[in-house]
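The structure under discussion appears below in the form of structure tokens.
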Amino acid sequence: MPSLPGRPRPDGTIVLTHKLIDGALEMAKHWPGPTRVVVEPWDQESDNLDNVAVAPDGPGCQVRVAAYDGPGLLAALADASAVVASVSYRQNHIAELCRRQGIACVYVSEYSLRTRFDIVRSETRNPVLWARRYLWEVGQERRQRSAITAAAGVQSNGTPTHDAYRAISARPHLFFDTRSRANDLIARDVLQARLTAMQSGDAPLRLAFSGRFLPWKGVQFLPPLAVALRAAKVPFTLDLCGDGTLTPGLRRDIERLGIGDQVRLRGTLDFVRELTPWMQREVDLLVCPHIQGDPSSTFSEAFAAGVPIAGFASESLAGMLRHADAGWTVPMASVSALAQLIQRLSRNRQLLVTAAHKARAFAAHHTFESTVQRRVEHIRSCVTAMQLQHSTSV
């Protein structure tokens, strides 16, 4: 039960994200029974970059549309052994509903309270509205914690919510979201060729950003960063991959600041056919100026390409680097500190070489397939524990 709704179309298909369907199909490979995706209906397109239309009874898994607070939900959950719910204000009641039906409820969490506060700050200028949304989030956090405590388990995408919820969950599980499969890992000879080229002569440091062009992704900090790097005489190029509401402003800033010869808007690249091979061969460092703790799969996907990360010290990136040690952080929203860090890395590129190898090693242990398999094993353990608890109580 994802938090992202689906848009039913007149032809009977349902618009979801490619990433969601890929995850469901991979889960279905490891789950000993049928798999069903249940989404709430929506009459708009999402701002995700990988929307696809799927048939409700396609191969691998079913897709059903049902309001999470409506009478049709019980029918959509009929005969389920486990429900993988989302930590969301629309799903705080799912743990109790599942308990009454004898179903193991496992929540998936992504956004910590601090991250949600950061998103509010990035979206809201009115102080009254800001305070009102803060209070709403605090109340929501209480309800979420109650639901997680009542559930059979929780799976945390990234360290922020794992740190927040592991003490209150019967069965916590930490994972790092990714789309990179084992065959997407950069080949060692390709990695070595890129690192050798990076260390030769006065080659410019090839920087990149990948993601949605939205305020909380921090993409608005990248034109000023480019100006600071140019002033510091750092040889570099900066490619911005993606799209979003900030695209027009980015285009204007690049032209106004006269940095178009080094900063390029590449648009949205297909992950498998375009983005992955390009990052493997043409990117030395991923720049992640996120101003909130979004557990972005971009981190893991960069590591699979052998690309280390430099970014603001969001709780998600800082937490991931505690496990991967394949990047660097600077204080939040400090463009000058980020420029100084990149200048230091440009002057000592052996640091980037070491981090690139660590990035690949981390990604090899956290591929898409192995991550989903471990998550399914965790769900199965929650079902077993619930069944044992039920038999003992009877």
Side-chain angles (χ1 to χ4, degrees), residues 122 194-244 246-267 269 275 278-291 296 298-299 302-303 305-314 317-318 321 326-356 359:
S122 71
R194 193 190 77 215
L195 296 178
T196 299
M198 178 187 68
Q199 292 180 286
S200 64
D202 296 323
L205 196 61
R206 295 170 295 185
L207 312 175
F209 170 92
S210 176
R212 289 175 290 172
F213 294 173
L214 300 173
W216 57 87
K217 294 293 187 179
V219 68
Q220 65 272 22
F221 293 100
L222 294 177
L225 174 67
V227 171
L229 291 174
R230 177 176 281 189
K233 302 190 184 310
V234 176
F236 78 96
T237 60
L238 174 58
D239 289 283
L240 312 185
C241 304
D243 201 357
L246 298 185
T247 300
L250 286 171
R251 189 172 286 112
R252 288 193 299 270
D253 286 347
I254 291 169
E255 182 177 355
R256 175 176 58 83
L257 297 170
I259 53 177
D261 56 332
Q262 290 176 284
V263 182
R264 298 166 292 206
L265 295 177
R266 297 182 64 94
L269 304 182
L275 183 62
W278 173 73
M279 286 191 68
Q280 289 181 352
R281 299 177 184 277
E282 304 291 340
V283 178
D284 301 315
L285 181 67
L286 189 73
V287 182
C288 292
H290 301 180
I291 54 175
S296 176
T298 301
F299 303 156
F303 290 164
V307 176
I309 294 173
F312 297 151
S314 70
L317 178 57
L321 292 181
W328 303 265
T329 61
V330 300
M332 293 291 287
S334 177
V335 172
S336 61
L338 189 55
Q340 290 168 16
L341 168 63
I342 294 172
Q343 181 181 30
R344 177 167 67 89
L345 295 174
S346 180
R347 290 175 175 173
N348 186 356
R349 300 195 178 187
Q350 184 57 42
L351 295 173
L352 290 166
V353 171
T354 301

Check your understanding: Can you name the nearest heavy-atom pair linking Val283 to Leu286, along with the distance?
Key -> CG1-N, 4.4 Å
Point to revise | Under 3.5 Å donor-acceptor, Gln343 side chain and Val234 backbone | key: no
Point to revise | Check against side-chain contact (heavy atoms from CB on, under 4.5 Å), Leu205 and Leu352 | key: CA-CA 10 Å; Leu205 196 61; Leu352 290 166; 3.6 Å; yes
Review point. Considering the options Phe299, Phe221, Phe312, which one meets the ring pair (Phe, Tyr, Trp, His ring centres under 6.0 Å) requirement together with His290?
Key: Phe299
Exercise for review: Look at the side chain of Thr354 and the backbone N and O of Leu351, then say whether any donor-acceptor pair between them is shorter than 3.5 Å.
Suggested key: no
Review point. Is it true that a side-chain atom of Arg349 and a backbone atom of Ser346 form a donor plus acceptor pair closer than 3.5 Å?
Key: yes
Practice item. Only one of Leu341, Leu321, Leu338 passes side-chain contact (heavy atoms from CB on, under 4.5 Å) with Thr329; say which it is. Key: Leu321
Review point. Any side-chain heavy atom of Leu285 sitting closer than 4.5 Å to one from Pro308?
Key: yes
Review point. Of the non-hydrogen atoms in Ser210 and Leu275, which two are nearest, and what is the gap between them?
Key: OG-CD2, 3.6 Å
Would you be so kind as to tabulate the donor-acceptor pairs closer than 3.5 Å made by side chains of residues 249-256, with sequence neighbours excluded?
from, atom 1, to, atom 2, distance (Å)
Asp253, OD1, Arg256, NH2, 3.1

Check your understanding: Under 4.5 Å between any side-chain heavy atoms of Phe236 and Ile342, yes or no?
Key -> no
Practice item. For residues Pro215 and Gln220, report the shortest heavy-atom separation together with the two atoms involved. Key: O-NE2, 3.0 Å
Check your understanding: Do other residues, nucleotides or ligands put more than 12 heavy atoms under 6.0 Å from Arg264 CZ?
Key -> yes
Exercise for review: Quickly, which of Asp284, Asp239, Thr237 forms a side-chain hydrogen bond (donor to acceptor under 3.5 Å, both in side chains) with Arg206? Name it, please.
Suggested key: Asp284
Revision key, fill the gap. For Arg194 and Gly306, the nearest pair of non-hydrogen atoms, with its separation, is NH2-O, 2.6 Å
Review point. If you round to the nearest 0.5 Å, how far is CG of Leu238 from CD1 of Ile259?
Key: 8.0 Å
Check your understanding: Rounded to the nearest 0.5 Å, how far apart are SG of Cys241 and CZ of Phe209?
Key -> 9.5 Å
Practice item. Output all residues satisfying side chain to side chain contact (heavy atoms under 4.5 Å, CB included) with Val353, sequence neighbours left out; order by chain, then residue number. Key: Leu195, Met198, Gln199, Gln350, His357
Point to revise | Pairs satisfying salt bridge (Lys or Arg N to Asp or Glu O under 4.0 Å), at least one member in residues 219-236, at least two apart | key: Arg230-Asp261
Practice item. Provide the closest heavy-atom pair for Val307 versus Ala359 in the form atom of the first, atom of the second, distance. Key: O-CB, 4.2 Å
Exercise for review: Compare all side-chain heavy atoms of Leu222 with those of Val263 and state whether any distance is below 4.5 angstrom.
Suggested key: no
Check your understanding: Could you state the interatomic distance from SG (Cys288) to CD1 (Ile309), rounded to the nearest 0.5 Å?
Key -> 4.5 Å
Exercise for review: Could you pull out the closest heavy-atom pair between Ala339 and Ala228, with the gap in Å?
Suggested key: CB-CB, 3.7 Å
